[in-house]
Amino acid sequence: MHAKRKKIIDFFILSISLFFVIKYLFLNYYSYINIDDRGYYSSFYDTGWFYHPIKNFLEGKGFTSQEFLYYKSTDNLFGVHSFYILYIFAMLDYIFNSPLVLFLSGPLIFGISLFYLFLLLKKKEVNNNILILIFAIIIFNPQINWSLWHGFYAVNIGAYLFIPLYYYYHINNFKRFIFFAVLIAISQEFLALTLAILLFIFFLNNKYAKKYLVLSLIFLFYFCMQFFYLIPKYSNFAINHEFTLFYGYLGDNLKEVIINFFLKFNRVIKVIFIREKIFYFFSLIGSFLFLPLSNKISVAALPLFCIGFFSMFPALYDIRVSYATPINVALFIAAVDTIIKYKTNFLLTQKKFLIPIILILFLNYYNYSPGLFSRQYNSIRNCSKINDYKIQAKKTIRKFNNLNFKSVCVSDKYSIYFTNYEILYSFPHFYDKAELLIIDKNLLRDAGEKKIIQELLANPKYLVDYEDSYFLVFTKR
């Protein structure tokens, strides 16, 4: 009877996980074909900037890292970050030749990671209640749901891979452990820093096994080379500019920020004790029932957490943004490690506690997640309806996505549909260098952007090629 019940629970867990993954595969696919974008937190914001360098690479125009909003995407080897994992996705795109390779990769890789988690828990012979609790923690986690909703982010892909890495650590398969460690490091340079700290913790937990220490030092060196040397040297990314943007209240460079952090700590207090950051902290830790606080593995999340928590840049301390994904996954692994360690006397998995805890996890999901059965899902579903605006957007894309121009400047939302152009700019950045400008009037964010439109209309060098209620298209004479 016990074995039969265990098989039913296993089937239930795998079925729910599969449904969870299929749900996001469908949402990402639907978003792409229907231009179903809801701004910063949905599937379009940066996916085009990742896909564009892949297309250039395959067409023999060189390979460049995507460079977010403020930089050209074709002139430099690096942008704000280094994303070598895009080479792997370039190979996939060569086979499938579609941006859907990126849109669908996030949910698929996360689904594979969930299966690794299931295998690990079965190897550890955890009871049914523990199995249910751990999968409830990850499936009802709001930040995980937002990360799957984003579309493609290299940092999310790398973060998900920490779960198979943790699996191979436990079964002591060092070759495959190294394989996933390398994939994580090439996903984004800050993931290499998180990885280096995690490896050092593994070194401490394994009676000072030297192999983990050596790997930790290698990936720490890799991070330092990327962040302090290669990215500043081979891109037009200015580290000092970012320090001013994120930590201007402490200084304009790394040295000033570190010194003033201690000398002017009163400023730090004012920056961190705000409602949004207090919510950010408790939502990260609380989503895992505060379990990571009792585990050394959570230290791996500390650098990236501090980068956001002490900054003035709101996206760095928002659970809806991909910056939080590596922190979230590291904390999840710390929570799982804690549960496995104390599985024989873990109170939270007793029946009288399990149902209320799962209810709390679901309420957290309901209030702060974009997923199915959440409070925000109804507004998302309403936004997904086909209307004149989306119909006109499709017509505009079809008309202008394959013209004989070298460079194009588009509103962020549409970048994924114009990656066939050699040079792709994000409006309003470098708009004056583009031969073709496609502007969504609904996405004009401030008076400055509206002023640019007026200047373009008055400039004889630009011709209004097309205009309707929603779009304005300029071509350079």
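Predicted, not measured: the structure shown is a model, and the values here were computed from it.
Ring pair Tyr222/Phe219 is perpendicular by interplanar angle, where above 60° counts as perpendicular and below 30° as parallel. Ring geometry, Phe310 versus Phe261: the interplanar angle exceeds 60°, so the pair is classed perpendicular (tilted spans 30 to 60°). Using the six-membered ring where Trp is involved, Phe135 and Phe118 have ring planes that are perpendicular, over 60° apart on the 30 and 60° scheme.
The backbone N or O of Tyr280 sits less than 3.5 Å from a side-chain atom of Ser283, completing a donor-acceptor pair. Side-chain N or O atoms of Lys277 include one that pairs as donor or acceptor with a backbone N or O of Ser311 at under 3.5 Å. With Ser374 contributing its side chain and Ser369 its backbone, the two residues share a donor-acceptor pair below 3.5 Å. In terms of modelled atom types and a separation under 3.5 Å, the side chain of Asn420 and the main chain of Asn401 share a donor-acceptor contact. Distance alone, capped at 3.5 Å, is enough to place a donor-acceptor pair between the Ser187 side chain and the Leu183 backbone. Judged purely by atom type and a 3.5 angstrom limit, Asn145 uses its side chain to pair as donor or acceptor with the backbone of Ile139. In this structure, the side chain of Ser113 engages the main chain of Tyr160 through a donor-acceptor pair within 3.5 Å. At distances below 3.5 Å, at least one donor-acceptor pair connects side-chain atoms of Asn28 with backbone N or O atoms of Tyr24.
Counting only N and O atoms by type, the side chains of Glu189 and Tyr84 include no donor and acceptor under 3.5 Å apart. With no hydrogens or angles considered, a side-chain donor-acceptor pair links Thr325 and Asn156 at under 3.5 Å. Using a 3.5 Å distance cut-off with no hydrogens or angles, the side chains of Asn205 and Tyr169 do not pair a donor with an acceptor. A donor-acceptor pair shorter than 3.5 Å cannot be found between the side chains of Lys123 and His170.
Within a 6.0 Å radius of OH in Tyr29, no more than 12 heavy atoms belonging to other residues, nucleotides or ligands are found. The number of heavy-atom neighbours closer than 6.0 Å to CZ of Phe115, taken from other residues, nucleotides and ligands shown, is 12 or below.
Within the structure, the salt bridge (Lys or Arg N to Asp or Glu O under 4.0 Å) test picks out no pair touching residues 355-367 (sequence neighbours left out).
When each of Tyr116, Phe174, Phe202 is tested with Tyr168 by the rule ring pair (Phe, Tyr, Trp, His ring centres under 6.0 Å), just one qualifies, namely Tyr116.
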Could you list the donor-acceptor pairs under 3.5 angstrom formed between side-chain atoms of residues 329-337 and any protein atom two or more places apart in sequence or on another chain?
{"residue": "Asp337", "atom": "OD1", "partner": "Tyr166", "partner atom": "OH", "Å": "2.6"}
{"residue": "Asp337", "atom": "OD2", "partner": "Asn295", "partner atom": "ND2", "Å": "2.9"}

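Not counting sequence neighbours, the partners of Leu217 by the side chain to side chain contact (heavy atoms under 4.5 Å, CB included) test are Leu213.
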